[in-house]
Chemist: 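Sharing a structure, written as structure tokens. Questions coming.
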Amino acid sequence: MPVAKPESCDSRVIAHIDMDCFYVQVEQRKQPQLRGLPTAVVQYNEWKGGALIAVSYEARKFGVKRSMRGEEAKEVCPQIHLVQVPVARGKADLNGYRNAGSEVMSILARRGRCERASIDEVYLDLTDAAETMLAEAPPQHLEAIDEEALKSHILGLNNEDGSDVKEIVRNWIHRCHADHRDKLLACGILIVAELRMQVLKETEFTCSAGIAHNKMLAKLASGMNKPAQQTVVPFSSVQGLLNSLPIRKMKQLGGKLGMSLQIDMGVNTVGDLLQFSEEKLQERYGLNTGTWLWNIARGINGEAVEGRLLPKSHGSGKTFPGPRALKTVSAVQHWLNQLCEELSERLCSDLEQNKRIAHTLTLHARAYKSSDSDSEKKFPSKSCPLRYGTAKIQEDAFNLFQAGLREYIGLYGVKSQGSHYSRWGITSLSVSASKIVPIPSGTCSIVKYFHWQSSSHFSSIQSAENLRMDATHLSPPGNESYSEVGLPEPKIHFPGEDSWIEDTTPGLGLQEQKINVWKDEDLSCSPSKKKVDGFTEDTSPLLLSGTQGCLEQNQNKQQREFSKDESRFKSEYREQKGTRLKNKGTSSILKFFKSCNPSGTSLSQEHDRTVQGTDAQLTNGAGFQSSCHNLAELNEVEVAKENGTSSHSYIRDQDEWRREAWSYNINEIDPSVIDELPMEIQDEIQAWLRPRKRPNNIV
DNA sequence: CATGATGACGCT
DNA sequence: AGCGTCAT
């Protein structure tokens with residue numbers, strides 16, 4: 001449900017940039033002979049010519065639409081050129097488009113806060129840039145204005161007669177008696193026109209843009225004149241625009257909510273919403289959504305442009321429609337392995353390029369079950385802590401699937417497949433990685449240190465009791481739900497056609513798995529990777545060079561969530577702190593990383609701040625794939641923290657650890673603690689301390 | 001069980 | 001954590 005947010009400032013300048021039939025453009029750049037021709041991108045063409053996922057404007061003239069099948073497209077447009085999405089591991093591979101999207105992002109991020117809305121859409125907050133321009137080089141003093149800016153569409157401008165449109169636009173931009181808000185938009189026009197030209201020049205991609213005072217209006221405007229054009233919504237034309245706008249055209253109202261508005265309330269245009277009081281809307285749709293609707297009707301939308309250039313999650317999925325549904329567990333396992341391979345690769349790239357790690361692995365599936373009453377039941381999604389390394393992800397994902405399948409088929413059936421009881425089929429599978437957070441700079445050697453520290457700590461200090469608990473945490477999550485409720489742990493076997501559930505008793509098996517955690521298997525993400533000594537030597541130039549380009553930014557949301565959680569966390573933390581330290585505070589490194597941070601200054605924030613200043617480079621990913629061979633250590637840091645904070649659910653431990661580990665005030669570090677660290681770590685701490693003082697003086 | 005693959009986000 | 005909605 002949409003939620004209302006207060007406006008941050010009197011008059012913002014917001015742009016929404018939308019790439020024109022993006023996938024088509026990417027393919028046309030690869031094959032320039034396709035430019036200007038009716039073209040579409042299809043994925044898979046076995047069944048009815050594949051599904052269209054992008055259609056060029058030339059092809060749209062023939063009535064070709066997204067979601068048509070390739071064969072249908074050929075019927076209405078026989079000359080159409082169909083380009084297939086690359087396939088890797090038996091599934092569509094969108095990485096080429098992701099990388100192309102990153103190229104665009106890095107250009108658009110130059111002029112202001114920039115939010116990646118999707119692979120081909122971006123919001124920009126150009127308020128500051130516009131204010132600056134207005135103060136230093138206002139449009140009315142600009143003699144020459146970009147040809148591109150003059151092609152802008154200005155909503156509400158009476159340009160229907162035969163007069164020269166460009167001249168009208170020029171006059172509008174130049175008006176010196178204009179309202180301050182319009183002057184800001186005029187600056188926005190110039191800035192966006194320039195950005196779009198830069199995008200075209202540097203990437204060969206065209207895009208369309210909307211410029212307005214908020215995200216909703218900018219998004220609305222960007223779609224009004226495509227392709228390769230920009231549209232402005234002056235304040236004075238907002239109501240006129242909205243009054244006649246069909247309600248379902250509004251973002252967020254294209255689904256059930258919009259339908260309910262139409263059916264239940266008789267609201268057909270946004271203007272129709274004006275009749276209803278805020279209370280009435282709240283009564284019908286809840287406080288948040290009600291207020292949001294009331295605001296929308298008035299063109300009010302306070303949503304901020306988040307500074308976020310990178311996705312918050314990565315997913316890899318595939319559907320198995322109709323007769324392709326997966327009917328055996330081993331078929332599922334095969335496809336899960338493919339999906340996990342891709343996911344792991346992308347996580348690896350994210351780690352290298354952006355210095356981020358994901359913390360949660362989630363499995364989604366859709367299934368049907370015939371012959372039983374509850375064939376409607378949804379397949380449950382399951383998640384668990386994410387361990388890096390392809391094999392580990394595969395193993396965990398498979399266990400998540402088995403846990404889901406057990407729930408899905410229910411406990412009644414001993415025999416579940418191959419007999420007449422209930423026949424299931426998996427029609428869609430996906431794995432995703434979320435809770436992605438930046439690694440503080442310099443974590444490399446810290447991580448290595450933990451590798452050493454946690455190993456010794458584990459083997460020498462950990463009690464047998466804690467060992468079992470950690471085994472619960474770390475063992476594949478399929479076991480977890482069972483151990484939670486204290487049930488014995490059924491396993492599904494799949495020797496071919498049939499699968500069945502069998503009771504097993506938990507015992508040594510868990511500990512054996514625990515041991516496995518420490519073995520590094522299959523952690524490489526690139527074929528060129530060579531495993532060194534498995535211990536410390538970090539030969540990765542990418543990880544060593546502090547300046548390696550990251551598409552980083554001020555991870556706005558994440559920062560806020562961190563600090564927001566912090567206060568809540570602090571009270572909880574204090575009440576548990578004593579006992580925890582008493583239990584396991586034998587190593588001062590752990591205490592060191594536990595020391596709380598009263599001032600609220602966190603290393604992760606500092607990290608964001610420093611990285612923000614660096615030149616954002618969106619590495620192409622295609623260029624080179626260097627190795628990620630310290631992924632094992634990443635996993636082991638997770639283990640270390642759980643050792644330090646066990647006796648709670650692993651979920652809380654995960655969050656606590658991050659706060660405890662990185663949210664401390666660096667000024668309050670006891671120097672004697674630093675002395676206990678190895679030399680290389682000490683150096684790094686010094687490196688943190690030194691530059692840290694600067695911002696206060698400079699800024 | 002033929003709009004496929006991905007994402008973001010809100011509710012509980 | 002898990003589910004549902006919405007978008008492209």
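Convention: sequence-line order gives letters A, B, ...; per-chain numbering from 1.
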Chemist: Starting at CD of A/Glu407 and ending at C1' of C/dA1, how long is that distance when rounded to a whole Å?
Modeler: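 Those two atoms, CD and C1', are 12 Å apart.
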Chemist: In terms of the angle between their ring planes, are A/Tyr123 and A/His16 parallel, tilted or perpendicular, with boundaries placed at 30° and 60°?
Modeler: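 A/Tyr123 and A/His16: tilted rings.
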Chemist: Would you kindly give the NE2-to-P distance between A/His364 and C/dG2, to the nearest whole Å?
Modeler: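 Rounded to the whole Å, the gap is 10 Å.
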Chemist: Starting at atom NZ of A/Lys378, determine the distance to atom P of B/dC1, rounded to an integer number of angstrom.
Modeler: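 Taking NZ of A/Lys378 and P of B/dC1, I get 8 Å after rounding.
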Chemist: If I pick the P atom on B/dG4 and the same atom on C/dA1, what distance separates them, to the nearest angstrom?
Modeler: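 The answer is 29 Å between these two P atoms.
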Chemist: Can you tell whether the side chains of A/Arg69 and A/Glu72 come within less than 4.0 Å, N to carboxylate O?
Modeler: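 Not counted as a salt bridge, because no side-chain N and carboxylate O are separated by less than 4.0 Å.
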Chemist: On DNA chain C, does the nearest nucleotide to A/Met1 precede the nearest nucleotide to A/Arg66 from the 5' side, or the other way round? Give the residue.
Modeler: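 Going by which nucleotide is closer to the 5' end, it is A/Met1.
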Chemist: Can you tell me which nucleotide in B/dA5, C/dA1, C/dT8 comes closest to the side chain of A/Ser383?
Modeler: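 For the A/Ser383 side chain, the nearest candidate turns out to be C/dA1.
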Chemist: With a cut-off of less than 4.0 Å, is there a side-chain N or O of A/Lys312 near OP1 or OP2 of B/dT6?
Modeler: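 The answer is no; no side-chain N or O of A/Lys312 sits under 4.0 Å from OP1 or OP2.
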Chemist: Quick one: label A/Arg346 by what it contacts on the DNA or RNA (base, sugar-phosphate, nothing), any heavy atom closer than 4.0 Å.
Modeler: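 Answer is sugar-phosphate: A/Arg346 comes under 4.0 Å of backbone atoms only.
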Chemist: Are A/Arg89 and A/Glu341 ion-paired here, with the side-chain N under 4.0 Å from a carboxylate O?
Modeler: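 Yes, charged N to carboxylate O under 4.0 Å.
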Chemist: Looking at B/dG7, I'd like to know if its phosphate oxygens (OP1 or OP2) sit under 4.0 Å from a side-chain N or O belonging to A/Arg98.
Modeler: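 So the side chain of A/Arg98 is within the cut-off, an N or O lying under 4.0 Å from OP1 or OP2 of B/dG7.
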Chemist: Nearest-Å distance, OH (A/Tyr97) to C1' (B/dT6)?
Modeler: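 Result: 14 Å.
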Chemist: Among side-chain atoms of A/Ser260 and A/Tyr285, is any donor-acceptor pair under 3.5 angstrom?
Modeler: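 Side-chain D/A pair, A/Ser260 to A/Tyr285: present.
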Chemist: Of the nucleotides B/dC1, B/dA5, C/dG2, which has the atom closest to the A/Ser381 side chain?
Modeler: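 Nearest listed nucleotide: C/dG2.
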Chemist: Just checking A/Lys48: base, sugar-phosphate only, or nothing, at a heavy-atom cut-off of under 4.0 Å?
Modeler: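 Since no nucleic acid heavy atom lies under 4.0 Å of A/Lys48, the category is nothing.
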Chemist: Would you say the rings of A/Phe320 and A/Trp335 are close, in the sense that their centroids are separated by under 6.0 Å?
Modeler: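 Under 6.0 Å, so yes.
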Chemist: If you only use heavy atoms from C-beta on, which nucleotide in B/dA8, C/dC3, B/dA2 is closest to the side chain of A/Pro380?
Modeler: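 The answer is C/dC3.
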Chemist: What integer number of Å spans the P atoms of B/dA2 and C/dT8?
Modeler: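 Taking atom P in both B/dA2 and C/dT8, they lie 23 Å apart.
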Chemist: Once you round it to whole Å, what is the distance between P of B/dC9 and CD of A/Glu121?
Modeler: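 Distance, rounded to whole Å: 13 Å.
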Chemist: Under 4.0 Å: is that the gap between some side-chain N or O of A/Lys382 and OP1 or OP2 of C/dG2?
Modeler: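 Answer yes for this pair, as a side-chain N or O of A/Lys382 is under 4.0 Å from OP1 or OP2.
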Chemist: Please check the phosphate of B/dT6 (OP1 and OP2 only) for any side-chain N or O of A/Lys91 closer than 4.0 Å.
Modeler: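 Yes, within the criterion.
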Chemist: Contact class for A/Thr319 (heavy atom, under 4.0 Å): base, sugar-phosphate, or nothing?
Modeler: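 Sugar-phosphate contact only - A/Thr319 comes under 4.0 Å of backbone atoms but never of a base.
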Chemist: Picking from B/dT6, B/dG10, B/dG4, which would you name as closest to the side chain of A/Ser316?
Modeler: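 Out of B/dT6, B/dG10, B/dG4, the nucleotide with an atom closest to A/Ser316's side chain is B/dT6.
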Chemist: Under 4.0 Å, counting only non-hydrogen atoms across every strand here, what does A/Leu257 touch: a base, just sugar-phosphate, or nothing?
Modeler: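 Sugar-phosphate contact only - A/Leu257 comes under 4.0 Å of backbone atoms but never of a base.
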Chemist: Between A/Tyr97 and A/Glu27, is any side-chain donor less than 3.5 angstrom from a side-chain acceptor?
Modeler: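 A/Tyr97 vs A/Glu27: donor-acceptor pair found between side chains.
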Chemist: In whole angstrom, give the distance that lies between atom CZ of A/Arg366 and atom C1' of C/dG4.
Modeler: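 Computing the A/Arg366:CZ to C/dG4:C1' distance gives 13 Å.
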Chemist: Give one of base, sugar-phosphate or nothing for A/Tyr44, where a contact means two heavy atoms less than 4.0 Å apart.
Modeler: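 Counting heavy atoms under 4.0 Å across all strands, the contact made by A/Tyr44 is with sugar-phosphate only.
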Chemist: With heavy atoms under 4.0 Å as the rule, sort A/Leu253 into base, sugar-phosphate or nothing.
Modeler: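 Touches sugar-phosphate only.
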Chemist: Tell me which nucleotide among B/dG4, B/dA5, C/dA1 gets nearest to the side chain of A/Lys435.
Modeler: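 Closest of the options to the side chain of A/Lys435: C/dA1.
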Chemist: Over how many whole Å does the gap from A/Phe379 atom CZ to C/dG4 atom P extend?
Modeler: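 After rounding, the gap between these two atoms is 14 Å.
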Chemist: Counting the atoms with a prime plus P, OP1 and OP2 as sugar-phosphate, which does A/Lys219 contact under 4.0 Å by heavy atoms, base, sugar-phosphate, or nothing?
Modeler: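 The answer is sugar-phosphate, as A/Lys219 gets under 4.0 Å only of primed atoms, P, OP1 or OP2.
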Chemist: Is any side-chain N of the basic residue among A/Lys5 and A/Glu303 closer than 4.0 Å to the acidic one's carboxylate O?
Modeler: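 No, this pair does not count.
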Chemist: Quick one, A/Glu278 with A/Thr291, criterion side-chain hydrogen bond (donor to acceptor under 3.5 Å, both in side chains). Give me CA distance, side-chain angles, the key distance, then yes/no.
Modeler: CA-CA 6 Å; A/Glu278 184 172 2; A/Thr291 296; 2.8 Å; yes
Chemist: Select from A/Asp93 and A/Glu115 the residue whose nearest nucleotide in DNA chain B is closer to the 5' end of that strand.
Modeler: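 Whichever sits nearer the 5' end wins; that is A/Asp93.
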Chemist: What integer number of Å spans the P atoms of C/dG4 and B/dC1?
Modeler: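 These two P atoms come out 14 Å apart once rounded.
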Chemist: Give a yes/no verdict on a cation-pi contact between A/Lys378 and A/Tyr408, requiring under 6.0 Å between NZ or CZ and the six-membered ring centre and an angle within 45° of the axis.
Modeler: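 No.
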Chemist: Using a 3.5 Å limit on both pairing distances, list the dot-bracket string of DNA chain B from the 5' end; Watson-Crick and G-U wobble pairs count, crossing pairs take [ ], interstrand pairs take |.
Modeler: ....||||||||
Chemist: Among B/dA5, B/dG7, B/dC1, find the nucleotide with the atom closest to the side chain of A/Lys318.
Modeler: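 Of the options given, the side chain of A/Lys318 lies nearest B/dA5.
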Chemist: Is it the case that A/Asn268 and A/Asp272 place a side-chain donor and acceptor less than 3.5 Å from each other?
Modeler: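 Distance-only check fails for A/Asn268 and A/Asp272.
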Chemist: In whole angstrom, give the distance that lies between atom CZ of A/Arg248 and atom C1' of C/dT8.
Modeler: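 That distance rounds to 16 Å.
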Chemist: May I ask you to say what A/Gln252 touches in the nucleic acid, namely base, sugar-phosphate or nothing, with a heavy-atom cut-off under 4.0 Å?
Modeler: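 Touches sugar-phosphate only.
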Chemist: Of A/Ser313 and A/Pro321, whose nearest nucleotide on DNA chain B comes first from the 5' end?
Modeler: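 Its nucleotide being nearer the 5' end, the pick is A/Pro321.
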Chemist: Tell me which nucleotide among B/dA2, C/dA7, B/dG4 gets nearest to the side chain of A/Lys251.
Modeler: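 Selected nucleotide: C/dA7.
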